[in-house]
Every structure is written in structure tokens, then in C-alpha cells.
Amino acid sequence: MSEERFVTQITPKSEDFSRWYIDLIRRAELADYAPMKGMMVIRPYGYAIWENIQKLLDRRIKATGHVNAYFPVFIPESFLRKEMEHLKGFAPEVAWVTHGGDDELEERLAVRPTSEAIIGFMYSKWIKSWRDLPVLINQWANVVRWEKVTRPFLRTTEFLWQEGHTAHETYEEAQEETIRILEMYREFVETELAIPVIHGRKTDREKFAGALATYAIEALMSDGKALQMGTSHNLGQHFAQVFNIRFEDRHQNLQYVWQTSWGVSTRLIGALVMSHGDDSGLVFPPQVAPIQIIIVPISVGNWKETVLPVAKELKDSLERAGLRVFLDDRTEYTPGWKFSEWEMRGVPLRLEIGPRDVKNNQVIAVRRENKDKIALDLTGIEQKVKELLAEIQKAIYEKALAFQKENTREVSTYEEFKSLIEDKRGFIKAFWCGAEECEAKIKEETMATIRVIPMDQEKGQKGRCLYCQKEAETVAVFARSY
RNA sequence: CGGGGAGUGGCGCAGCCUGGUUAGCGCGCCUGCCUUGGGAGCAGGAGGUCGUCGGUUCAAAUCCGAUCUCCCCGACCA
């Protein structure tokens with residue numbers, strides 16, 4: 001029954017990818033449109049994923065010495081204006097508060113598009129000595145950017161994220177932090193979200209407004225387009241100079257601090273959908289799945305007396321083992337209906353239990369990602385289920401990795417590049433001379449951009465620039481992107 | 001922001017061109033019976049100021065204008 005489609009309200013992925021994406025998000029109740037342009041409601045089933053992401057990432061943020069705090073949602077216009085390069089980057093998408101009640105404000109307030117400015121201001125008050133450094137603060141918050149084109153999770157007017165903001169004594173320390181976080185994001189996304197990424201530096205054209213350098217993790221969605229999943233910026237002393245964040249160093253010299261900032265957002269949820277989902281619906285990796293195990297009792301005969309008590313006991317014991325379990329004992333739906341429904345919602349493992357299974361002291365386990373069925377003995381099932389979930393997590397990652405590898409290609413000629421980007425998309429590795437002009441022309445002619453310049457470049461490699469044919473030493477990864 | 005398409009019970013649509021009593025259909029929902037190992041069946045039932053505002057008309061889902069929202073393709077964008 002592998003090719004049968006039980007869920008008919010969702011456009012098949014192969015037919016229309018973006019329609020599939022939107023249908024799925026709404027049908028699976030991850031999110032729904034709000035009545036204001038570009039805004040959405042993250043529904044409980046979707047928010048549960050965010051909570052799992054928060055929990056798993058926050059743990060890592062704290063483990064690397066950071067602490068959480070919260071800064072204001074409003075930022076005075078003059079603060080943003082202090083840093084023109086930064087403001088220019090954001091100006092078109094800033095939402096402004098002009099009135100408090102009926103009274104016009106003396107100064108407009110920006111609804112934060114990001115918090116460098118307000119945090120920079122506060123840091124200037126808090127940091128006086130090298131003994132105050134480093135400052136390692138993270139905040140979980142919402143931000144607003146008035147985007148023209150919006151899509152649920154991928155780009156919405158308001159979104160949730162975490163933003164880390166650190167201040168250091170030296171450039172080297174700040175750079176180390178920038179890379180440490182990039183690596184933390186890479187490990188987090190690959191381990192917990194089961195999405196393989198490439199990581200590297202952004203070109204000047206693509207970097208954060210006001211940063212010295214921006215690094216990013218990028219993943220390939222299953223339609224062959226790239227999605228930026230997290231960024232880490234070395235801000236240098238730019239904001240320190242603007243907001244006068246100075247400290248007296250170990251040799252009694254007054255110096256500007258070196259800063260970083262970094263973030264990931266609810267876009268990660270969109271990435272989960274687009275990386276792992278299939279024609280039957282969502283596929284969630286167990287680590288972040290809102291429900292890891294769905295128990296479906298097979299309702300035949302006097303199942304309420306025979307099957308249901310065993311199912312309840314199974315649920316309790318799995319919950320005691322620390323698993324997220326839901327027992328679907330609704331009588332108004334048939335087992336078959338429930339199978340399809342929970343597959344659509346991406347639950348990684350289904351346990352079916354009927355009278356025959358009760359008799360045999362077993363359950364039928366069905367994996368979401370490959371639909372394999374196996375019988376599991378009820379005795380000691382907690383351990384077996386945990387192992388199975390770990391296997392599923394790994395299998396989902398391996399599948400995505402295989403896809404990424406298949407769709408990462410190297411080219412040497414521009415003709416080859418153009419035809420690949422048109423038919424197959426995916427990541428394309430090619431030499432680039434470093435000129436912004438070549439980058440711009442390629443984008444104009446093919447809609448592909450440089451996603452990152454990978455960290456792991458071979459030393460001393462030489463080739464010719466994809467566009468201008470001049471000698472080049474840098475390989476860049478190109479793709480069409482979201 | 002430019003070009004194109006679309007808004008009709010919860011969802012998917014028909015009706016609109018050519019205005020005319022009661023706005024249909026499928027799915028879903030409710031009640032009952034019967035069923036339940038891959039989205040069961042039968043019977044009965046509820047639910048819509050046709051996105052919103054205004055105009056034309058004796059009469060507007062239908063014609064005209066404005067506006068909001070969504071989708072697609074571009075431009076823009078950490």
C-alpha cells in the first residue's frame with residue numbers, strides 16, 4: 001500500500017510543492033492565517049514544536065555560558081538612526097508606533113526588527129571594565145518586519161526567535177564566539193531537527209547590515225531550494241562605536257568592545273515541514289515531534305473491555321519512561337481513519353493494539369518515515385520503543401542527507417550552471433572570483449545566489465570564476481532560495 | 001511594490017457572463033442504528049446577511065466602484 005494516498009485534502013507534493021506546503025500546515029493544524037496581512041496564528045500542535053526547539057536549544061545556549069534576559073519590544077527611532085548602515089538595511093520593513101492612546105508621540109518608536117540598537121545602548125551602561133566581559137546574553141522574543149511577500153513560518157510579519165548578543169574584549173574572542181555559535185546551530189539542527197546543513201560565511205552582499213562578517217547554516221528543502229536556517233554575526237566594534245560601549249582593559253586603555261549577535265527563528269518549523277514531509281503529510285523527527293507515539297486501539301467487538309485497558313496501561317508506562325504519547329481512543333473514528341490522520345500529522349511511531357495483539361502480549365509498531373510494520377512484545381516495550389525512535393531519528397536524517405548529497409553538484413562552466421539551476425536546482429558548488437559584480441550578474445540571470453562560502457575550503461585550490469573566468473581560489477555554494 | 005488569479009455553511013467547489021420567489025453539490029459536523037486490523041454503511045438533521053463598504057436597480061451572490069485577505073510570477077529582503 002506504499003503508494004496509496006489516504007489523505008486527499010492535501011495537494012500532492014510532486015504536483016505543486018508550495019500548495020502542498022500550505023495545505024499541510026493548515027490541515028495538520030500547525031498554523032492558520034490571521035486576518036491581517038502576513039500574520040499567522042501558531043496553533044497548539046505547531047507551538048509544541050517551538051517549545052521543543054526552545055527546550056533543546058536553550059539547553060545548548062546555557063551550556064556555552066549564556067544567560068537569558070528580556071529587552072523592550074519598542075526602540076526609539078533615534079537609536080536606530082545612530083547607525084545608518086544598520087537602519088538602511090531595515091528601514092523599509094520597520095513598523096512604527098506613532099501614538100500612545102490619542103496622543104502623538106514626540107519620537108516614533110520602532111517595533112523591534114532585531115535588538116542590536118537597544119541592547120547596545122544598555123550594554124554601554126553596564127560595561128565599564130574588562131572584568132565585566134564577556135557579556136553573554138540571549139533573549140527569546142518576537143520581532144516584526146513588514147515583509148512584502150509572506151509565507152507561513154518561512155517569512156511572516158511577526159515571528160518568534162532567539163537572539164544572542166555578546167560583548168568581548170578582543171576581536172579573536174568575538175570571532176571564536178561567532179563560530180562557536182554557528183557550530184552549535186549546525187549540531188542542533190542536524191541532531192534534533194534531522195536536517196543536514198552546509199555552513200559557511202555569507203558574501204558582503206548578503207551579510208547582516210552593520211556586521212563585519214555573517215555566517216550561516218543553509219539547508220536544501222526537498223523541492224531543491226535553499227533555506228537559511230540560522231545566522232551568526234561578528235559585529236566587530238561597529239555598534240560599540242555607535243553606542244559608545246567602552247571598557248578599561250587590562251592595561252588601563254579605554255577600548256570599544258567586540259560584539260556578536262546570532263539567531264534562529266520559527267522558520268525552523270517551516271524547514272521541518274519542507275525537509276521531511278511527503279505526500280502522506282508531515283514527518284517529524286522524534287526529538288521535536290509534539291507527539292512521539294500515537295496509540296491506536298483497534299476497536300472491534302468488546303474492545304473497550306479487552307483492548308482499551310491494555311492500551312491505557314501502555315500509554316502510562318511509556319509516559320513514565322519520559323515519552324510524549326497520545327492514546328486516540330475516540331469512538332467516532334475508525335482505526336483506518338486514525339492511521340491516516342496521525343500519519344498526516346507526522347507522528348514518528350504508531351502503536352496499533354487489537355484483540356489479537358492483547359492475546360499475544362504484543363503491539364504492531366509502524367514507522368512513519370518508511371511505513372515499516374513490526375510486532376513488539378509488550379514486556380519491556382519502553383526500551384524497545386526508545387531504540388526505535390532513535391533509529392527513526394537517524395533514518396530521517398540519513399534520508400535528508402542522501403537527498404542533499406544527490407543534489408549538491410559541482411560545475412565549471414556557466415552554461416552547465418544555468419541548465420542545472422533551471423532543471424534540478426539544488427546546491428551548486430563553483431569557483432567565484434570574489435567580485436560582487438559577478439555575484440550580482442549571476443543572480444540577475446539565473447535567480448541563484450551565493451548561499452555560503454563553505455568553511456571547509458581546500459587549501460591552495462585554484463579554478464576559474466564561474467562568471468568572469470578570472471582566476472579564483474574560493475568555492476561558493478549557489479542555489480535558488482526562499 | 002508591479003503583473004496575473006481567487007474570496008459563496010468548517011473544507012473543496014457550482015451558480016455570476018444573460019440580475020427575478022426557497023443559493024445548490026461533495027466532504028465534514030449533529031442525532032440514531034449498525035459497524036470498526038488502512039479515511040465504513042443507512043436514515044434523519046443543523047449550519048450561509050455569497051470577504052467588507054458603498055453605488056446602480058422595483059429587485060444584486062450576479063452589474064459598477066473602493067477596500068481587505070489569500071495564491072502564483074517578478075522586484076525587494078539577514
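A note on names: the letters A, B, ... follow the listed sequences, proteins ahead of strands, and every chain is numbered from 1.
- For the OP1/OP2 pair of B/C72 and a distance below 4.0 Å, the side-chain nitrogens and oxygens of A/Ser18 include at least one atom meeting the criterion.
- Residues A/Ser481 and A/Arg451 have side chains that bring a donor and an acceptor to within less than 3.5 angstrom of each other.
- As judged by a 4.0 angstrom heavy-atom cut-off over every strand, A/Tyr33 is placed among residues touching the sugar-phosphate backbone only.
- A cation-pi contact links A/Arg345 to A/Tyr45, judged by a cut-off of 6.0 Å to the six-membered ring centre and 45° from its axis.
- Using modelled atom types and a 3.5 Å distance limit, the side chains of A/Glu147 and A/Thr157 yield no donor-acceptor pair.
- Among the atoms of the strands shown, base atoms are found under 4.0 Å from some heavy atom of A/Glu352.
- Among the protein residues, A/Gly38 comes within range of the sugar-phosphate backbone only, with heavy atoms under 4.0 Å from sugar or phosphate atoms but none that close to a base.
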Would you sort out whether A/His168 and A/Val257 count as a side chain to side chain contact (heavy atoms under 4.5 Å, CB included), showing the intermediate values? CA-CA 6 Å; A/His168 307 265; A/Val257 298; over 6 Å; no

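- Side-chain to base pairing of A/Thr334 with B/U36: no donor and acceptor N or O lie closer than 3.5 Å to each other.
- Residue contacts for A/Pro92: at a heavy-atom cut-off of 4.0 Å it reaches no nucleic acid atom on any strand shown.
- B/A59 and B/C33 have their C1' atoms separated by 47 Å, with the value rounded to a whole Å.
- If you take CD of A/Glu15 and C1' of B/C72, they are 15 Å apart, rounded to a whole angstrom.
- Atom C1' of nucleotide B/C70 and atom NZ of A/Lys148 are separated by 19 Å, given to the nearest angstrom.
- Distances shorter than 4.0 Å separate some side-chain N or O of A/Arg151 from OP1 or OP2 on B/C72.
- With a 3.5 Å ceiling on both atom-pair distances, B/U57 lacks any Watson-Crick or G-U wobble partner.
- Heavy-atom nearest nucleotides on RNA chain B were determined for A/Val300 and for A/Ala34, and the one closer to the 5' end corresponds to A/Val300.
- Comparing B/A66 with B/A23, their P atoms are spaced 30 Å from each other, to the whole Å.
- For the C1' atoms, the distance from B/C11 to B/A6 is 16 Å, rounded to whole Å.
- Across all strands shown, B/A43 pairs with B/U31; the Watson-Crick or G-U wobble distances both stay below 3.5 Å.
- The base of B/C72 has none of its N or O atoms less than 3.5 Å from a complementary donor or acceptor on the side chain of A/Arg19.
- Across all strands shown, nothing is found opposite B/C76 as a Watson-Crick or G-U wobble partner with both distances under 3.5 Å.
- Remark: A/Arg267 is not positioned above the aromatic ring of A/Phe159, lacking an NZ or CZ atom under 6.0 angstrom from the ring centre and at most 45 degrees off the axis.
- Among the nucleotides B/C77, B/C1, B/G37, the one closest to any side-chain atom of A/Glu147 is B/C77.
- The minimum heavy-atom distance between A/Lys338 and A/Tyr333, with the atom names listed, is CE-O, 3.6 Å.
- Residue contacts for A/Pro113: at a heavy-atom cut-off of 4.0 Å it reaches a base atom on one of the strands shown.
- Across the strands present, B/A14 finds no partner; the criterion is a Watson-Crick or G-U wobble pair with both atom distances under 3.5 angstrom.
- Between the C1' atoms of B/G10 and B/G54, the separation comes to 30 Å (whole Å).
- Heavy atoms of A/Ile22 sit under 4.0 angstrom from primed sugar atoms or phosphate atoms, though from no base atom.
- Distance check on atom C1': B/C70 versus B/C27 gives 22 Å, rounded to whole Å.
- Put simply, CZ on A/Phe90 is 12 Å from P on B/C77, counting in whole angstrom units.
- Donor-acceptor pairing under 3.5 Å, judged by distance alone, is present between the side chain of A/Arg350 and the base of B/G38.
- Residue A/Trp303 places its side chain closer to B/U36 than to any other of B/G37, B/U36, B/G74.
- If you measure from atom CZ of A/Arg155 to atom C1' of B/C70, you get 17 Å, rounded to the nearest angstrom.
- Residue contacts shown for A/Val296 are absent, as no nucleic acid heavy atom lies under 4.0 Å away.
- Neither OP1 nor OP2 of B/A40 sits under 4.0 Å from any side-chain N or O of A/Tyr333.
- Pair assignment for B/U52: B/A66, on the basis of Watson-Crick or G-U wobble contacts that are both within less than 3.5 Å.
- Within the nucleic acid shown, A/Ser299 comes within 4.0 Å of at least one base atom, counting heavy atoms only.
- Comparing the P positions of B/C53 and B/C16 gives an interatomic distance of 24 Å, to the nearest angstrom.
- Rounded to whole Å, the distance from CG on A/Asp32 to C1' on B/C11 is 12 Å.
- A/Arg26 comes within 4.0 angstrom of no nucleic acid atom, judged by non-hydrogen atoms across all strands.
- Comparing B/C64 with B/U69, their P atoms are spaced 23 Å from each other, to the whole Å.
- Following rounding to the nearest Å, A/Lys88 (NZ) and B/C76 (C1') show an atom-to-atom distance of 16 Å.
- For the pair A/Asn360 (side chain) and A/Gln362 (backbone), a donor-acceptor distance under 3.5 Å is absent.
- We find that OH of A/Tyr482 is positioned 19 Å from P of B/C76, with the value rounded to whole Å.
- In this structure, A/Glu93 atom CD and B/C76 atom C1' are separated by 9 Å, rounded to whole Å.
- Only the C1' atoms considered, B/C50 is 4 Å distant from B/U8, to the nearest whole Å.
- For A/Tyr414 and A/Tyr467, the ring centers are positioned less than 6.0 Å apart.
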